[in-house]
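Notes follow once the structure below has been shown.
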Protein chains: 2
Amino acid sequence: MGLTKTEKFTALQNEIAQFAKVFGHPARVAILEHLFKINSCVCGDLVNEIGLAQPTISQHLKELTHLDLIQGEITGNSLCYCINAQKWSKMKTVMQQFLNQDLTAINCC
Amino acid sequence: MGLTKTEKFTALQNEIAQFAKVFGHPARVAILEHLFKINSCVCGDLVNEIGLAQPTISQHLKELTHLDLIQGEITGNSLCYCINAQKWSKMKTVMQQFLNQDLTAINCC
DNA sequence: TTTATTAATCGTAATATTGCAATGTATAAA
DNA sequence: TTTATACATTGCAATATTACGATTAATAAA
């Protein structure tokens with residue numbers, strides 16, 4: 001089938017999975033890390049930085065934009081992407097709640 | 001191609017992506033949450049809990065086991081899975097470092 | 001033994017993802 | 001204008017993922 005049965009899960013579970021999924025490719029991790037490093041916003045040197053073809057980077061950027069984790073703005077004839085700090089914070093809250101589940105009660109077989 | 005070019009990225013970037021990827025499906029999120037909730041370890045009622053077919057759950061469990069985030073132990077004729085607390089902690093460190101990148105310097109276009 | 005029960009594995013269909021060449025679009029520079 | 005530059009979009013091939021029926025293996029119960 002290849003089709004995730006999202007209706008079987010809670011909105012939060014689907015949200016966590018959606019965020020995680022977008023981080024589930026090293027190119028997108030690398031793009032985000034680069035955008036954090038270049039603390040002002042930065043655009044298309046990502047292609048040189050990452051070393052994948054331009055359409056490939058463009059596609060990864062699209063997925064990040066789609067979740068609103070980054071935003072792009074046209075400056076001249078180039079396009080400037082940057083982290084959406086507010087959305088990143090919200091995402092972080094969701095993900096950390098998942099990661100911080102109580103380990104102390106774990107009592108393995 | 002459908003094949004991730006891992007060689008273009010650092011070991012850490014690939015590691016982050018690998019962990020994120022396994023969280024990138026709501027069934028695996030649900031499985032982990034259930035294992036946390038049932039603080040002692042629990043086995044095949046995951047199939048009833050989640051509502052996907054047994055082979056599907058088994059496959060998701062395999063992926064989690066593969067990353068060592070959970071472990072299974074045979075008890076009688078059933079199989080008891082539980083969170084691997086040590087590995088979870090290590091994973092959490094890696095993921096939180098990624099999530100906690102400095103937002104204060106972000107100065108969008 | 002024989003029969004249930006539990007869960008892994010196999011095989012396969014449907015769909016998604018990754019990557020890129022080719023092309024299109026829009027602005028900048030000449 | 002014409003040409004260059006920057007990036008999105010399209011189309012496609014290769015591969016991965018998701019899901020499950022059927023089967024298998026192994027233990028438990030009868």
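Values below: every heavy atom of this structure, side chains too, minus hydrogens, waters and symmetry copies. Quick note on labels: first sequence line is chain A, next is B, and so on, each numbered from 1.
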Rounded to whole Å, how long is the line connecting atom [atom1] of [X] with atom [atom2] of [N]?
X	N	atom1	atom2	answer
Ile57(A)	dA21(C)	CD1	P	13 Å
Asn48(A)	dT5(D)	CG	C1'	13 Å
Leu52(B)	dT17(D)	CG	P	17 Å
Ile50(A)	dC20(C)	CD1	P	12 Å
Ile70(B)	dA7(C)	CD1	P	12 Å
Leu64(B)	dT17(D)	CG	P	14 Å
Ile31(B)	dA19(D)	CD1	P	10 Å

Among [options], the nucleotide that comes nearest once only the side chain of [X] is considered:
X	options	result
Ala53(A)	dA22(D), dC20(C), dT9(D)	dC20(C)
Leu3(A)	dT15(C), dT17(D), dA8(D)	dT15(C)
Glu63(B)	dA16(D), dT18(D), dA22(D)	dT18(D)
Arg28(A)	dT18(C), dT17(C), dA21(C)	dT18(C)

* **Donor-acceptor pair present, Gln54(A) side chain and dA6(D) base, under 3.5 Å** =>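 No.
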With a 4.5 Å cut-off on side-chain heavy atoms, are [Y] and [X] touching?
X	Y	answer
Phe23(A)	Met91(A)	yes
Ile16(B)	Pro26(A)	no
Ile83(B)	Phe36(B)	yes

Please confirm whether the backbone N or O of [Y] pairs with a side-chain atom of [X], one donor and one acceptor, at under 3.5 Å?
X	Y	result
Ser89(B)	Ala85(B)	yes
Gln97(B)	Val94(B)	no
Ser58(B)	Gln54(B)	no

* To do: Decide whether Gln86(A) and Asp68(A) meet the rule of one side-chain donor and one side-chain acceptor closer than 3.5 Å.
  => no
Taking only the side-chain nitrogens and oxygens of [X], find out if one of them lies under 4.0 Å from OP1 or OP2 of [N].
X	N	value
Ser58(B)	dA8(C)	yes
Lys21(B)	dT17(C)	no
Tyr81(A)	dA6(D)	no
His25(B)	dA19(D)	yes
His60(A)	dG19(C)	yes

* Just call it for Thr4(B): base, sugar-phosphate, or nothing, with non-hydrogen atoms closer than 4.0 Å on any strand. =>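 Sugar-phosphate contact only - Thr4(B) comes under 4.0 Å of backbone atoms but never of a base.
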* Asked: Which part of the nucleic acid, if any, lies within contact of Lys8(A), taking any heavy atom under 4.0 Å across all strands shown: a base, the sugar-phosphate backbone alone, or nothing?
  ->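 If one applies the 4.0 Å heavy-atom cut-off, Lys8(A) turns out to touch nothing in the nucleic acid.
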* Asked: Taking atom CG of Asn84(A) and atom CG of Leu69(A), what is their separation to the nearest 0.5 Å?
  ->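 Rounded to the nearest 0.5 Å, the CG-CG separation comes out at 7.5 Å.
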N/O-N/O pairs, protein side and nucleotides 26-30 of chain D side, under 3.5 Å:
from    : atom 1 : to       : atom 2 : distance (Å)
dT27(D) : O3'    : Gly76(B) : O      : 3.4

* Want to settle it: does Leu61(B) or Gln59(A) sit nearer the 5' end of DNA chain C, counting the closest nucleotide to each? ->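 Here Leu61(B) is the residue nearer the 5' end.
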* Nearest-nucleotide 5' precedence on DNA chain D, Lys5(A) against Asp45(A) -> Asp45(A)
